[in-house]
> 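Here it is, the structure in full.
Note that ligands are numbered from 1 as they come in the structure, with each ligand's atoms numbered from 1 the same way. As a basis for the values below, the full set of heavy atoms in this structure was taken, side chains included, without hydrogen atoms, waters or symmetry mates.
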Amino acid sequence: MADEEQLYHVTPTVRSGPMSRVSGCEVYLKLENLQAPASFKIRGVSNLCKKAVKGRNCQHLVCASGGNAGMAAAYAGMKLKTPATIVLPESTSAQVAENLRQLGAEVLVHGKVFDHANKFAIELASKPGAEYIHPFDHPDIWEGHESLIVEAAAQMPVKPDVVLTSVGGGGLLIGIVQGMWKVGWKDVPIIAMETDGANCFNAAIKAGELVTLPDITSVAKCLGSLTVSSRAFELHQKKEHNIQSVVIEDKEAVSACLRFADDHRMLVEPACGAALAAVYSNIIPALQQEGRLGKVETVLVVVCGGGSVSLDMLQAWKKQFDL
Ligand code: PLV
């Protein structure tokens, strides 16, 4: 791939003074919130969109999304000069819909949660010339996400002892694992964070099989897939990688967003706050006490980002959760 065709930025990996102080570890942040469409999603989504447009002559990109994959697909469509239709569930904010239109995408709203929007998008994409862009469950998405770990490995002074990420449908997690295998981090555990009410990965682990949640009740709507990708579940179930699944309350995810804003002067949405809460809510020592995690000196946090946030939204959540 020629460099001028790359649709995502190489993002910085920076040491966080405040989070290092909170945790007593050296904490590094992979700042995916700095991507043009506000999150890591552009890495995987642009990989899939480029293969569709350049390799399969796709003339219409159709994506269902909680918001951020849609932002990435709309951005990729604009760059690749290919029309994009983004199907959002009713839970996605009007501001995100407006941002998508600004990128030239057609926006349709269908169903209460992502999974309903997704079914509708699959139907739309069956038209000739169209291609369906899944937000998380496709090998080209996972391959694209690998690059964030390949970059971090080159940017960090040492190998981390643990990687922290959030899990929605599991595409980010799968990409991180694949990237870690590429850079020689196969032995580094991952803490996979979800919020209660958007916990399809943890629910599957507990049940020992894939489960479909009845509803998404968390404020972290972008973690809101009812069922996790079977490949993400398999990575855990077959012990292909050491993945520790943790569920936190919405209040902790929102609190982490607020503290992160104060500490780093950047806004991220609760889907990302879930990963940050692994530091701010002291999940690392809790897992060590349970014997689920060894010695940790260096931590890599994937700051996945997200465009569904504003000062007003953070203020409202702050009030709602009495923070
Ligand atoms: N969001 C997807 C799925 O939503 C979307 O359509 O945008 N952090 C942020 C900010 C995200 O937007 C997402 C996914 C994740 C984390 C989790 O990534 P995943 O789905 O690959 O595990 C329903």
> Could you verify whether a donor N or O on one side chain and an acceptor N or O on the other, from Asn242 and Gln244, lie under 3.5 Å apart?
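The criterion, which ignores hydrogens and geometry beyond distance, is satisfied for Gln244 and Asn242.
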> Between Lys30 and Glu151, is there a salt bridge with N-O shorter than 4.0 Å?
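A salt bridge links Glu151 with Lys30.
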> I need the nearest protein heavy-atom contact for atom 7 (O) of ligand 1: residue, atom name and distance, please.
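Ranked first by proximity to atom 7 (O) of ligand 1 is Ala69 N, 2.8 Å.
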> So which heavy atom in the protein is nearest atom 10 (C) of ligand 1, and how far is it from that ligand atom?
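Here the closest protein heavy atom is Asn68 ND2, 3.3 Å.
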> Counting C-beta onward and ignoring hydrogens, is there a side-chain heavy-atom pair between Asp250 and Gln320 closer than 4.5 Å?
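No, every pair of side-chain atoms sits at 4.5 Å or beyond.
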> Taking heavy atoms and a distance under 4.0 Å, where does Pro135 meet ligand 1: side chain, backbone, both or neither?
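The answer is the side chain of Pro135.
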> Considering only heavy atoms, does Ser166 approach ligand 1 within less than 4.0 Å through its side chain, its backbone, both, or neither?
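Near ligand 1, Ser166 shows its side chain, while the N, CA, C and O stay back.
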> Is the Phe114 to His116 ring centre distance short of 6.0 Å?
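No: the rings miss the under 6.0 Å criterion.
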> Assess whether a salt bridge exists between Lys238 and Glu240, defined as any Lys/Arg side-chain N lying under 4.0 Å from an Asp/Glu carboxylate O.
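No salt bridge links Lys238 with Glu240.
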> Out of Cys222, Ala271, Ala64, indicate the one that has the non-hydrogen atom closest to atom 1 (N) of ligand 1.
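When every heavy atom of Cys222, Ala271, Ala64 is considered, Cys222 comes closest to atom 1 (N) of ligand 1.
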> Of the backbone atoms (N, CA, C, O) and the side-chain heavy atoms from C-beta on, which set of Leu223 has a member under 4.0 Å from an atom of ligand 1: side chain, backbone, both, or neither?
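It is the side chain that gets close, since no backbone atom is under 4.0 Å.
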> For ligand 1, does Lys41 get within less than 4.0 Å through its side chain, its backbone, both, or neither, judged by non-hydrogen atoms?
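Side chain only; the backbone of Lys41 stays clear of ligand 1.
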